[in-house]
Amino acid sequence: REMEKFVHVDIFYTEETERLKRLVCDLGRRMWKRGYVDGNGGNISVCLSDEYILCTPTYMSKGSMQPQDLCMVDPSGKQIAGKRRITSEIKTHLAVMRKNSKAKACVHAHPPYSTSYALCGQLPPLGTMAEAEIFLGDIGMVPFALPGSPLIVEYIEELSAGRNALLMQGHGAITWGTNVEEAYWKMENLETYCQIMHLVACRKDTAISFTPEQRLELSALRKKFES
């Protein structure tokens with residue numbers, strides 16, 4: 001059911017916002033095609049300014065979104081623009097943004113390999129693959145709480161600081177970045193790494209770990225990319 005019209009907010013209709021709406025829809029299709037989301041699963045958000053955040057609507061396939069389907073909220077999560085209803089999970093995105101000044105966009109999805117780790121309450125072993133060290137770094141594990149609940153917002157706010165990605169027990173994953181495409185890339189980085197570590201486990205073998213010195217060098221590269 002479509003929402004009643006909100007008061008006109010100029011930033012929701014600017015040329016730059018329309019470009020971002022198209023990009024968010026494109027990323028939604030990429031997520032759907034890769035099997036990161038099914039049904040109406042997953043969410044994407046991106047800051048338009050300190051006061052306004054563009055986000056995907058609830059109960060809609062990310063593979064079929066159009067720019068006119070997107071919504072806008074304020075930092076408290078109150079909807080202020082859009083014909084469709086926002087998702088209750090936008091508050092988890094806002095929690096990430098509150099704790100990470102460089103987090104200007106978030107992506108939440110249920111990619112199979114990452115989610116399989118989350119369902120087991122396990123993190124993929126780190127310190128074995130250069131790309132994961134550079135683009136992801138330390139990954140956090142969020143204890144289970146009902147999606148959209150105040151408790152999961154509390155967990156994510158606590159665990160997201162200084163990280164780029166979280167697994168959510170019994171749920172999926174959330175990643176973020178300085179822009180919405182970077183936030184999506186990190187979801188790809190996370191899923192690929194979880195898939196590779198799954199294959200290592202299937203080999204009944206142990207990946208060769210980096211030395212502490214090598215991890216420090218890779219961490220320095222990550223800081224270079226994030227600066």
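Reckoned from all heavy atoms, side chains included, excluding hydrogens, waters and symmetry mates.
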Are the side chain of [X] and the backbone of [Y] linked by a donor-acceptor contact shorter than 3.5 Å?
{"X": "E182", "Y": "N179", "value": "no"}
{"X": "H110", "Y": "A173", "value": "no"}
{"X": "E89", "Y": "T58", "value": "no"}

Determine whether [X] and [Y] make a side-chain contact, defined as any pair of heavy atoms from C-beta on separated by less than 4.5 Å.
{"X": "N100", "Y": "S160", "result": "yes"}
{"X": "K62", "Y": "Y36", "result": "no"}
{"X": "M31", "Y": "M187", "result": "no"}
{"X": "L70", "Y": "P57", "result": "yes"}
{"X": "T175", "Y": "E191", "result": "no"}
{"X": "V107", "Y": "W185", "result": "no"}
{"X": "Y155", "Y": "M168", "result": "no"}
{"X": "P143", "Y": "L159", "result": "yes"}

Look up atom [atom1] in [X] and atom [atom2] in [Y], then write down how far apart they are to the nearest 0.5 Å.
{"X": "L54", "Y": "I44", "atom1": "CG", "atom2": "CD1", "value": "9.5 Å"}
{"X": "D38", "Y": "W32", "atom1": "CG", "atom2": "CH2", "value": "10.5 Å"}
{"X": "K21", "Y": "M72", "atom1": "NZ", "atom2": "CE", "value": "8.0 Å"}
{"X": "S114", "Y": "L123", "atom1": "OG", "atom2": "CG", "value": "11.0 Å"}
{"X": "I11", "Y": "Y13", "atom1": "CD1", "atom2": "OH", "value": "12.5 Å"}
{"X": "R203", "Y": "L199", "atom1": "CZ", "atom2": "CG", "value": "9.0 Å"}

Run the numbers on S45 and I90 for side-chain contact (heavy atoms from CB on, under 4.5 Å), then give the verdict. CA-CA 8 Å; S45 65; I90 185 61; 3.8 Å; yes

Using the ring pair (Phe, Tyr, Trp, His ring centres under 6.0 Å) criterion, which residues pair with H93? Sequence neighbours excluded. none

Mind checking what makes ring pair (Phe, Tyr, Trp, His ring centres under 6.0 Å) contact with Y113, not counting sequence neighbours? H198

Going only through I, L, V, M, F, W and Y residues with side-chain contacts under 4.5 Å, is there a path from [X] to [Y]?
{"X": "V96", "Y": "L136", "value": "no"}
{"X": "F225", "Y": "F210", "value": "yes"}
{"X": "M129", "Y": "L167", "value": "yes"}
{"X": "I156", "Y": "W176", "value": "yes"}
{"X": "I174", "Y": "V24", "value": "no"}

Show the nearest heavy-atom pair for residues [X] and [Y], with the distance to one decimal.
{"X": "A130", "Y": "L218", "answer": "CB-CD2, 4.0 Å"}
{"X": "S149", "Y": "A145", "answer": "OG-CB, 3.9 Å"}
{"X": "A105", "Y": "A183", "answer": "O-CB, 3.6 Å"}
{"X": "P124", "Y": "M197", "answer": "CB-CG, 4.2 Å"}
{"X": "L126", "Y": "G137", "answer": "CD1-O, 3.4 Å"}
{"X": "D74", "Y": "I80", "answer": "N-CD1, 4.1 Å"}

List the steps and the verdict of ring-ring contact (aromatic ring centres under 6.0 Å, His included) for F12 and Y52. CA-CA 9 Å; F12 190 61; Y52 302 115; 9.5 Å; no

Kindly assign one of parallel, tilted or perpendicular to the pair H171 and H108, based on the angle between their ring planes and the thresholds 30° and 60°. perpendicular

Using a strict threshold of under 4.0 Å (side-chain N to carboxylate O), is an ion pair present between [Y] and [X]?
{"X": "E188", "Y": "R34", "answer": "yes"}
{"X": "K223", "Y": "E226", "answer": "no"}
{"X": "R22", "Y": "D26", "answer": "no"}

R19: partners by salt bridge (Lys or Arg N to Asp or Glu O under 4.0 Å), with sequence neighbours left out: E16

What I want to check is whether the side chains of T128 and Y193 have a donor and an acceptor closer together than 3.5 Å. yes

Over 12 non-hydrogen atoms of neighbours within 6.0 angstrom of NZ in K186: yes

Given E157 and R98, is the side-chain contact (heavy atoms from CB on, under 4.5 Å) satisfied, shown in steps? CA-CA 8 Å; E157 191 160 19; R98 282 194 296 273; 3.1 Å; yes

Salt bridge (charged side-chain N to carboxylate O under 4.0 Å, His left out) between E133 and R222, worked out: CA-CA 7 Å; E133 295 290 303; R222 181 170 68 253; 5.1 Å; no

